[in-house]
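These notes concern the structure reproduced below.
All chains are named by letter (A, B, ...) in the order of the sequence lines, taking the proteins before the strands, and each is independently numbered beginning at 1.
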Amino acid sequence: MIVRLQRQGALVVLVILLALGGLLFRTFLTTYTLGNLAVQASFLAMIALGMTLVIISGGIDLSVGSVYALSGVLAAYGSTRWGLAGALILPLLVSGVIGLIQGTLIARLRMAPFIVTLCGLLFARGLLQLITSEGSTTYLVPPGSAFRWLGDGTVLVVIAVIAYLVGGVVLQRTPFGMRLFAVGGNEDAASLMGLPVARTKISVYVVSGLLAGCAGVMSAAQLGSGVTVIGVGLELNAIAAVVIGGTMLTGGSGAVSGTLAGVALLFVIQELINQLGRFNSNMQNVVSGAVLVVVVVLQTLLSRARR
Amino acid sequence: MLKRTAIRDYGVYLALVVLVVINVVITPSFLTGDNLRTQLVQVVPVLVVALGMALVIGTEGIDLSVGSVMAIAAALLPLYLGYGVVASILVCLIAGAAAGLLNGSLVTFAGVQPIVATLALLVGGRGLALVIANGQLKQLYNPDLLALGTSSVIGIPLTVLVALVLVIIVALLVERTTFGRQLVAVGGNRRAAEFAGLPVKRTLLTVYMLSGVFAAIAGVLASARLTASDPSSLGLLIELSAITAVVVGGTPLTGGRVRVIGTVAGALLMQLISATLIKHDVPASVTQMLEAALIAAAVLVQRERRNGK
Amino acid sequence: MLRAVGVSKHFAGVQALREVDFELRPGQVHTLVGENGAGKSTLIKVLTGVYQPDAGRLELDGEPVSFSRPLDAQAAGISTVYQEVNLVPSMSVAQNLFLGHEPRNRLRLIDFPGMQAQARELLSELGISVDPRRQLRTLGLGVQQMIAVARAVRARAKVVIMDEPSSSLEPREVETLFAVIRRLHERDVAVLYVSHRLEELYQICDTVTVLRDGRVVHSGPLADIGRLELVATMLGRELSGDRTVFAGEHHSTDATVLRGKGLRRRTVLDGVDLTVHPGEIVGLGGLLGSGRTETMKALVGLQPLDSGEIEVAGQRVRAGSTPAAIRAGLVLVPEDRKAEGIIPNLSVRENIVLAALPRLSVAGIVSKRKQREIVDTFMRRLRIKAASPEQKVGELSGGNQQKVMLARWLAMSPKVLLLDEPTRGIDVGAKAEVQALVDELAGQGLGIVLVSSDLEELVEGADRVVVLREGASVAELTGDQVTVDGVMAVIADDH
Amino acid sequence: ENNGGGGSGATGGGQQTASNSSGPTCTLDAYGATKVDFSKAVIGFSQSEAEANPFRITETQSITDEAQKQGVQLLKRNANSNLSQQISDIQGLLAQGANLLVVAPLNSEGLEPALKAARDKKVPVVTIDRKLSSATPCKDYLTFIGSDFVAQGKRAATQLVKATNGTAKVAILLGATGNNVTTDRTSGFTDYLKANAAGVQVVAQQTGDFTREKGQSVTEQLLQAHPDITAIYAENDEMALGAVTAINGAGKKPGTDIKVFSVDGTRNVVQGIVNGQINGDVESNPRFGPLALSTLKDFLDGKAIPQTITIQDKEYDSANAAAQVGSAY
Ligand SMILES: Nc1ncnc2c1ncn2[C@@H]1O[C@H](COP(=O)(O)OP(=O)(O)OP(=O)(O)O)[C@@H](O)[C@H]1O
Ligand SMILES: Nc1ncnc2c1ncn2[C@@H]1O[C@H](COP(=O)(O)OP(=O)(O)OP(=O)(O)O)[C@@H](O)[C@H]1O
Ligand SMILES: [Mg+2]
Ligand SMILES: [Mg+2]
């Protein structure tokens, strides 16, 4: 039992904060507030899911924030040209291809994931600016488009939940999941054991790209347009959520449930700071940083005690 | 075989030379003293930050907080100018060391992974800088400080000289001192370093503190050049430029090796790429995509090749 | 069945294989022998698709094949235990056994209960009593090695290749391993077996191929070649003496150079007492996991102690601090060279001077001259074979890596040397050299503690053997009692 | 000591005045908002960016001060340049009981979900400083109070043409890419030149990210690549100040050899005009508090509110700078 709880350090902290928030603020533990948070968290949740898989495989994906924004723009563009199908296929195709290229560079040419995906970050952002004529063109999802239905809050949350269920099963119960753990745990050994290491690594970057793309599509549906300014620095939030969720950046271990708790934790902390209303924007960042330190240290100490 | 290794080891210098040659051909007034000086002056902050970053990366770590530490230094700088330039710069450096101490403690004692440990200060540090400065950009009027930012000695800008001295110090530190060799050993195989009785924790702490101090120095130099303390935007995203410079310069992210001169070349390369694109008025979108491609190409050339593959 | 024709392989600066012709037939138990760095592992890696040969070709059942990665070789029915234990430490035993071939249920998801059951069966067949759900990293090297073997024989392969599978095994496990090999032999599986322990080869193998400097210098039935002759073929010269060069008795004094008293640490150490006199080699005996490694780590401060005292030459040493232990003159050459010993990216020179750096420097600046002196001295004295002092240690053969480790600690002029499996994975030649060296060091008055899972080596080398059981010292054998049978008797005797 | 401009001018400085009151209007009934007593109302203010530059500092301060003056309760949140955060901010303000909203949108698109949340609660939304381009006033939000960024660019161009007698080689320091302030200030500027000043040639357009540091380093590069540049148009004041430093560094005289024009109207730049280093600055007035709150009050009182309230921005040049520098923010 205690071991279980330790593994779910983020969940424990989350529950404590929720209870605290409920005690302090009348407007906190309401379906309205929590529902809105869930909707807003669904995008980061999708991205962090992909990040979890990448990190378990021993890599990192810094391109997700840019890919997210790019897909949003492409989805809006697609919806203006080809309706629902265009809004779905175009961005997913592009984000999948970006993932494929990154994965190939990392797995086949053995380049460092950090650098490859940093290039991906720049590239996707540049591409986004190119297709929006340096950010001056905004593509609007046509008002009557079926695509808008996807942007409904409930639908967004349901998509994220399904993604996590699928992700959890894939990671824990399929050979692909085992391969991720093996590659992240000891890449050389995995290769000597005859696992298709390169293919596994490529797949995981494709999946990460697709999930970021999916988040972008979801955001375009919700926002009703392809917003160019979103997703900056999102990769760091995703990494933070993954780590808070107990996944080691060294690869080879981790779970998607922890990541979900980590994402929720980030949003709850932000909302609590906001409801406190005591800080100006600068102080807010100081507090966020401090809270991040506390949470991560707690998480690390908990998981170390487990050993 | 030999040629391949040479390309790998000297790839960044080769790329630098190629870029210079291209520029000499296509960019008007490229080979003028003014232009070369400009490039050197502009590269200073990234270079100084990258020196500290190279040390951190050598231990298999990373420091995302450097930009925010620059901002903290910039915010502190005007507060103590009343006590003289030296005193106020000293305060900035102490703040940088303190920031590094925080990062290093999280990494060594709490065992937090470097990327997340320093992420906290990336987020909180800039907030802190803005709190210190009350959100304001402040014009700097201290003549000594402005001299640091704008004057030259025998035609070489002072900030460039400072950077040069730092490069030499770091190069000696890495190559010639116990500390430098221990640092590389810790990055190469931390457990073996522990078994060999090296002061692993002290080494890591020192490395992060150095990175903080270097970031603070960069903050001071950049502010002096800007003639203003601008905590809101100083050093934004510089961590990425610095990491890129280090890696392009041939220091692997997996630690165990630090290439100081390579880092200098890497920083210069990145500076030249961006200068070239600005001078030829390439739009931001294309600039970003080209930069991505060029970084990838530079790293691809000098990646560690697997034997037998 | 599996054939290599004219295979060559070149690494930066080294020709690892030169036109090697090699053939493995069904039902054969074929051994590949040679000095460290002769190219055995390289040949195996070429045979199994880890490396691509620069020249030459492979044939399987008479058909030309080419494996571009280990997966291809496995698909063709070749399963391999590579030299360094190559499993995933963060995963469970069962997962390691079944990675890539997980049993699935009707939903095409992994059938974990089924996997565990199969794993348990497989392990008990091999006489390994370990919970398949345990994380691999929590197990000792020996157990890990057996699990690697289990993984290799699990698949119904036509060819099983084992690169030094017995290097960290106890005699008991080695017996189990041989039983497995015999069963494979009966099934007409071709087995390729590499080991530096010659006596093993004569027990189990029928054919031998000798590699020297990447060339095949002999191939034929093992029975046709005597042990001495085999060694001579391997080394290209005669080896003085038979198998081991420990001189036996040393002249120790009454003074105590190391005393460990009542060393305790939750769950691993339960009261170890140990005394070492100058010029004496004390052996630590015990089964796998009996706490020998833990004891040594505790002595040099790599493990905190709950209680206990450590004294070096009469001075108390602070427990739990490696620098303090090293300052006192107590040093450890660890068992897991790759993970705990060498720093692969650094040069031979840097690896040797690593621990001695502070005393080679003035005000933090390292003296190049002093470094060179030390490095030259030890490279010569230990006969370390490297292209130059600047070669990366990671590229050296195991034996030479081990010598570099010894050099690192001898450069500190220690009082007590703790050696955990110092000859693991080292060829006969190098082994003899290391043993002679240890002897010589003892002769110079060093106190030495020796752990070896090669019982004969332990008995030959040690003047005295302290036997550990479940983390406690339970017996001490001296003088005539120090024999293989004597030690075995104490180890096995559990009341 | 220095004064980097900012907070001090929030209340003391020039008040905003609306310039146009013609055009369609909006009433309580037409909008369908809940009528509340203004003095008992809770105003929610969603700020888009951190209070880390004079504009944002002054804007937030102005609203805070005015709410205090009027004695109404104010809840503030800051999205820190994160659109998704702004959406949750607005929803959070609604959850905390805000019944009037003042929103400084981070982007001209993408607030739809937040506006919908306000609509669902029948809470009127006044947007300030940045116009929502595809949302409909009096339906998705009540009204927009702010400057016309295109017009700002145009006015800067007018200043430039006048000061250079219609012949110049100009470099543009663009704002942050993808930001519609950048887009508008660029198109206003270049469209005017195209139509009215054939003698003014744009030789380079590079982004300075709205920061002084980038403004300075980009200008340094451009001055070397195009030694013939005679004018610089910076899309905000910070970049203009960076450009001045760069011009000085290149051994030329800012304001004379190379003329500098900018948009924002911060005190540092107005002072720069007084000193002769900068030639023109178009104001973008951040003191939204009085106008925003009085608009909401009027609206609750049942008055018809214009659907767009464009504020009258000042323009500084050598003629008026010395006199006006005290009221700049
Ligand atoms: N990846 C590599 N890079 C460079 N050199 C290598 C590499 N692998 C092996 N070598 C070199 O090739 C030669 C043959 O090595 P190999 O590992 O095949 O020897 P071995 O016979 O297996 O020795 P041991 O008994 O120590 O295991 C050695 O000189 C070694 O240093
Ligand atoms: N057969 C085994 N079954 C389960 N755990 C084992 C076994 N052998 C070793 N271990 C684990 O490995 C850990 C390390 O033991 P340690 O290395 O001190 O023993 P050792 O006597 O040195 O054995 P080795 O020969 O493997 O080095 C022990 O704490 C024990 O938990
Ligand atoms: Mg070998
Ligand atoms: Mg052991």
**Which atom of C/Val88 lies closest to which atom of A/Phe181, heavy atoms considered** = CG1-O, 4.2 Å
**Rounded distance (nearest 0.5 Å) linking atom CZ of C/Arg108 with atom OG1 of A/Thr174** = 11.0 Å
**Item:** Side chain, backbone, both or neither of C/Asn105 within contact of chain A (heavy atoms, under 4.5 Å)
**Value:** side chain
**Request:** Provide the full list of side chain to side chain donor-acceptor pair (under 3.5 Å) pairs with a residue in residues 193-215 of chain A, sequence neighbours left out, each pair given once.
**Result:** A/Asp61-A/Ser208, A/Arg179-A/Thr200, A/Glu187-A/Lys201
**Fill in**
When rounded to the nearest 0.5 Å, the distance separating CG of C/Asn96 from CE of A/Met178 is 11.5 Å
**Prompt:** Looking only at heavy atoms, which of residues 235-242 of chain A get nearer than 4.5 Å to chain C?
**Reply:** none
**Item:** Taking every non-hydrogen atom, the tightest pair across C/Gln74 and A/Gly194
**Value:** NE2-N, 3.5 Å
**Message:** I need the minimum non-hydrogen distance between C/Ser90 and A/Gly185, along with the two atoms involved.
**Reply:** OG-CA, 3.6 Å
**Message:** Are the side chains of A/Leu195 and C/Leu71 in contact, using a 4.5 Å heavy-atom criterion?
**Reply:** no
**Complete:** Closest non-hydrogen contact found for C/Glu102 with A/Pro175 is OE1-CB, 3.6 Å
**Message:** Please report the interatomic distance CG(A/Asn186) to CG(C/Leu87), rounded to the nearest 0.5 Å.
**Reply:** 8.5 Å
**Item:** Atom pair NE2/CE of C/His101 and A/Met193 - distance to nearest 0.5 Å
**Value:** 9.5 Å
